[in-house]
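One structure is given here, and the rest of the page talks about it.
Order of the sequence lines sets the chain letters (A, B, ...), proteins ahead of strands, with each chain counted from 1. Hydrogens, waters and symmetry mates are skipped; everything else that's a heavy atom, side chains included, is used.
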There are 2 protein chains.
Amino acid sequence: MERKKFENSPCSIARSLDVLGDWWNPLILRECLYGNTRFDELQFWLDISRNILTRRLAVLVDAGLLDKVAYQTRPKRFEYLLTDKGHDACVVLLALMPFGERWYFKNGQHPIELRDRKTGALVTPEIIDSNTGKRLDSRDLIPCPGPGFRAPKAIMKRRFSEFYSETTK
Amino acid sequence: MERKKFENSPCSIARSLDVLGDWWNPLILRECLYGNTRFDELQFWLDISRNILTRRLAVLVDAGLLDKVAYQTRPKRFEYLLTDKGHDACVVLLALMPFGERWYFKNGQHPIELRDRKTGALVTPEIIDSNTGKRLDSRDLIPCPGPGFRAPKAIMKRRFSEFYSETTK
DNA sequence: CTAATGAGTTGCATAATAGAACTCAAGATG
DNA sequence: CATCTTGAGTTCTATTATGCAACTCATTAG
């Protein structure tokens with residue numbers, strides 16, 4: 001059976017997972033960010049099957065995260081460059097780094113760190129609430145219907161029971 | 001063939017993807033965060049096959065992101081609660097929201113928004129560099145070997161050519 | 001006594017993966 | 001000129017994983 005698609009899901013997370021909810025796509029983006037943008041470079045660093053790499057690259061180009069660009073003609077050779085959307089996705093991937101470091105590389109023994117290309121300053125990704133500037137803690141949060149929410153009342157009630165009872169009593 | 005595992009990969013992103021690099025696991029965590037923590041609730045909201053849900057839940061429990069807890073005996077019934085690690089992973093997932101909203105829900109028409117459980121204030125996830133407080137831009141970044149980096153010199157040179165030439169000339 | 005609930009199993013057809021080998025064009029080498 | 005090498009993919013096959021539907025099973029509710 002074909003993998004389920006979330007393109008019509010009423011959830012930003014779900015829709016993003018159509019292209020990022022997979023193990024190879026994020027890693028391909030990572031390599032492109034690291035400057036390994038050609039087929040054989042990607043294959044070498046990721047140790048991915050060539051047929052899979054072919055397909056994933058097509059998907060990423062199709063989804064608008066990568067651009068397939070010829071870096072020479074005669075013989076035609078290509079590289080895969082991050083688009084704006086691709087760079088935006090990379091930022092999300094970088095948000096995985098502190099999580100991975102905390103849970104899979106204890107004692108600060110993480111293998112890679114990020115630096116500013118110009119200044120060389122250490123860069124540490126962190127996820128905050130931009131309204132308060134404070135680090136996000138999922139325990140404090142509650143989901144509410146946003147401006148584009150559309151659903152039958154029964155579903156609405158079922159999903160936002162707390163919210164619903166608060167605003168109607 | 002069995003899906004490739006990254007548990008020994010020298011990369012925080014790759015190791016995190018062993019459990020988060022998939023479409024169902026993140027969505028299951030999302031539902032648990034939203035308070036839908038029981039088998040049938042998860043099945044209803046995610047519209048996931050029951051056999052797949054069973055397996056994924058076992059994986060998430062095994063990976064330490066969820067706890068399987070009996071909420072009643074006679075008949076024994078369970079719910080799946082987020083652990084500390086699970087909550088930490090949720091924060092990463094929430095970082096997908098602005099990406100999804102930007103690229104899949106134009107014009108601010110996103111369906112869900114987050115609010116502080118106590119104050120009701122709007123919460124907007126954003127990924128910043130905690131050293132400067134500025135929004136992260138992947139274009140400005142360069143990866144460098146971190147404290148736990150281990151690799152043969154040839155590989156080191158190949159991956160960090162820019163870094164390597166800078167520090168040795 | 002029958003129905004409903006919650007939480008899974010079991011069986012099956014179809015896709016996706018991993019792995020390895022093969023293709024193909026254009027330069028480079030001897 | 002014949003062969004080698006590079007870059008970028010195909011093709012083939014054996015396993016897995018996914019999605020779907022139907023089935024189980026214990027316990028309580030009516």
Side-chain angles (χ1 to χ4, degrees), chain A residues 1-9 14 17-28 31-32 35-63 66-81 158, chain B residues 1-9 14 17-28 31-32 35-63 66-81 158:
Chain A
M1 294 278 132
E2 203 182 334
R3 153 178 180 174
K4 194 161 280 190
K5 288 280 182 273
F6 302 108
E7 51 193 348
N8 295 314
S9 166
L17 289 172
D18 262 346
V19 64
L20 296 178
D22 153 278
W23 48 111
W24 288 127
N25 287 358
L27 291 176
I28 291 170
E31 282 310 317
C32 289
N36 301 116
T37 57
R38 301 178 183 178
F39 192 91
D40 279 23
E41 288 176 330
L42 290 166
Q43 206 277 318
F44 173 82
W45 286 112
L46 297 177
D47 191 27
I48 180 179
S49 285
R50 309 176 74 81
N51 54 352
I52 304 292
L53 179 55
T54 300
R55 208 178 328 159
R56 303 262 83 121
L57 285 172
V59 166
L60 287 167
V61 168
D62 203 60
L66 292 179
D67 253 347
K68 181 175 183 173
V69 179
Y71 64 88
Q72 68 171 40
T73 33
R74 320 199 34 75
K76 267 213 162 180
R77 290 294 137 78
F78 304 97
E79 62 185 337
Y80 294 86
L81 300 178
R158 195 159 166 182
Chain B
M1 294 279 132
E2 203 183 332
R3 152 177 183 175
K4 194 162 279 189
K5 287 280 183 274
F6 301 108
E7 50 193 350
N8 295 314
S9 166
L17 289 172
D18 262 347
V19 65
L20 296 178
D22 152 278
W23 49 110
W24 288 126
N25 288 358
L27 291 176
I28 291 170
E31 283 310 319
C32 290
N36 301 117
T37 57
R38 301 178 184 180
F39 193 91
D40 279 22
E41 288 176 330
L42 290 166
Q43 206 276 319
F44 173 82
W45 287 111
L46 298 177
D47 191 27
I48 180 179
S49 288
R50 308 177 74 83
N51 54 350
I52 304 292
L53 179 56
T54 300
R55 208 178 328 159
R56 303 261 82 122
L57 284 172
V59 166
L60 286 167
V61 168
D62 203 60
L66 293 179
D67 254 348
K68 182 175 182 174
V69 179
Y71 64 88
Q72 68 172 39
T73 35
R74 318 197 38 77
K76 267 213 163 182
R77 290 295 134 80
F78 305 97
E79 62 185 338
Y80 295 86
L81 300 179
R158 196 160 165 181

Compute both the distance and the angle, then confirm whether A/Lys68 meets the cation-pi test with A/Tyr80: under 6.0 Å from the six-membered ring centre, within 45 degrees of the axis.
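No, a cation-pi geometry is absent between A/Lys68 and A/Tyr80.
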B/Tyr71 ring centre to B/Arg38 NZ or CZ under 6.0 Å, with the angle to the axis within 45°?
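Geometry flag: set, cation within 6.0 Å and 45°.
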Between [atom2] of [N] and [atom1] of [X], the distance in whole Å:
| X | N | atom1 | atom2 | answer |
| --- | --- | --- | --- | --- |
| A/Ile28 | D/dA8 | CD1 | P | 14 Å |
| A/Asp18 | C/dA16 | CG | P | 13 Å |
| B/Leu57 | D/dT18 | CG | P | 13 Å |
| B/Lys5 | D/dT15 | NZ | P | 19 Å |
| A/Phe78 | C/dA25 | CZ | P | 14 Å |
| B/Asn25 | D/dT18 | CG | C1' | 13 Å |
| A/Tyr71 | D/dT6 | OH | P | 13 Å |
| B/Leu42 | C/dG6 | CG | C1' | 13 Å |

[X] side-chain N/O to [N] phosphate OP1/OP2 under 4.0 Å:
| X | N | answer |
| --- | --- | --- |
| A/Trp23 | C/dA16 | no |
| B/Trp24 | D/dG19 | yes |
| A/Arg74 | C/dG27 | yes |
| B/Tyr80 | C/dG8 | yes |
| B/Lys4 | C/dG19 | yes |

At 4.0 Å (heavy atoms only), tell me whether A/Arg77 reaches a base, stays on the sugar-phosphate, or touches nothing.
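It contacts base atoms.
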Rounded to the nearest 0.5 Å, what separates atom CG in B/Asn25 from atom CG in B/Asp18?
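Here the rounded value is 10.5 Å.
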How many angstroms lie between atom SG of A/Cys32 and atom CG of A/Leu42, to the nearest 0.5 angstrom?
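So the gap between those two atoms works out to 5.0 Å.
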Could you check which residues of residues 43-55 of chain A get a heavy atom under 4.0 Å from DNA chain C? Sort them by number, please.
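Those residues whose heavy atoms fall under 4.0 Å from DNA chain C, taken from residues 43-55 of chain A in numerical order, are A/Ser49, A/Arg50, A/Asn51, A/Ile52, A/Arg55.
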Here's a test of your reading of the structure: between B/Lys68 and A/Arg3, which maps to the more 5' nucleotide of DNA chain C?
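In this pair, the answer is B/Lys68.
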5' precedence on DNA chain D between B/Lys76 and B/Asp22 (nearest-nucleotide basis):
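The answer here is B/Asp22.
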Is the number of heavy atoms from other residues, nucleotides or ligands under 6.0 Å of B/Lys5 NZ greater than 12?
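Correct, the count exceeds 12.
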Nearest listed nucleotide, side chain of B/Glu2, among D/dA17, C/dG8, D/dT28:
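So the nucleotide nearest the side chain must be D/dA17.
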Test salt bridge (Lys or Arg N to Asp or Glu O under 4.0 Å) applied to A/Arg77 and A/Asp40, step by step
CA-CA 11 Å; A/Arg77 290 294 137 78; A/Asp40 279 23; over 6 Å; no
With ring centroids as reference points, do B/Phe6 and A/Trp24 lie under 6.0 angstrom apart?
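Close enough - the centres of the two rings lie under 6.0 Å apart.
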